[in-house]
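The structure under discussion appears below in the form of structure tokens.
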Amino acid sequence: MSETIYRGSCLCQGIQYEIHGAIGDLVECHCQRCRKANGSAYAVNAPIRVADFKILQGEHLLKKYQSTATTQRCFCSECGSPIISVKAETPDLYRLRIGTLDTPLQQKPTMHIFAASKAEWDDICDALPQYAERP
Ligand SMILES: [Zn+2]
Ligand SMILES: [Zn+2]
């Protein structure tokens, strides 16, 4: 059985990781916390299995920020790249920040979530389903 391996890294390349498995549905999240964490209109995140995620280099650089009571955001303490988030409700999954992937990805985004809290200057111009919060 062949296994898909994805590679990714942060902006400064200090953190290098591999994913030995599937990347779940790509979700564009417009919540204010994702906007602030990314300095952008939205974050593009996808679930991956914790067991599939391996940090090859720079684990000591990965800083955790407790964003809500149940969510930790993990980012590079050197360059600030957001890498994954960890939710207490789903301990077997990480939410990968897709923009840090180096391996080309065939998948496309599947939906917009927290569209009700999107930035007022941001227009959603595609036909993907939009959810006020979560589906
Ligand atoms: Zn970095
Ligand atoms: Zn969000």
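Both counts, for ligands and for their atoms, begin at 1 and track the order of listing.
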Legend entry - Metal site angle (apex the Zn ion (ligand 1)), SG from C12 and SG from C10, 10 degrees: 100°

Inset, instruction - Compute whether any side-chain donor of one residue and acceptor of the other, for T90 and R95, lie under 3.5 angstrom apart. - result: yes

Inset, instruction - Would you give the angle at the Zn ion (ligand 2) between C34 atom SG and C31 atom SG, to the nearest 10°? - result: 110°

Inset, instruction - Indicate, with yes or no, if L62 and Y17 share a hydrophobic cluster defined by side-chain heavy-atom contacts under 4.5 Å among Ile, Leu, Val, Met, Phe, Trp and Tyr. - result: yes

Inset, instruction - Measure up the Y94 and F53 rings against each other and bin them: parallel (under 30°), tilted (30 to 60°), perpendicular (over 60°). - result: perpendicular

Inset, instruction - Indicate yes or no for a side-chain donor-acceptor contact from S81 to the backbone of L11 under 3.5 Å, with no hydrogens or angles considered. - result: yes

Inset, instruction - Just to the nearest 10 degrees, tell me the angle at the Zn ion (ligand 1) spanned by C79 SG and C76 SG. - result: 110°

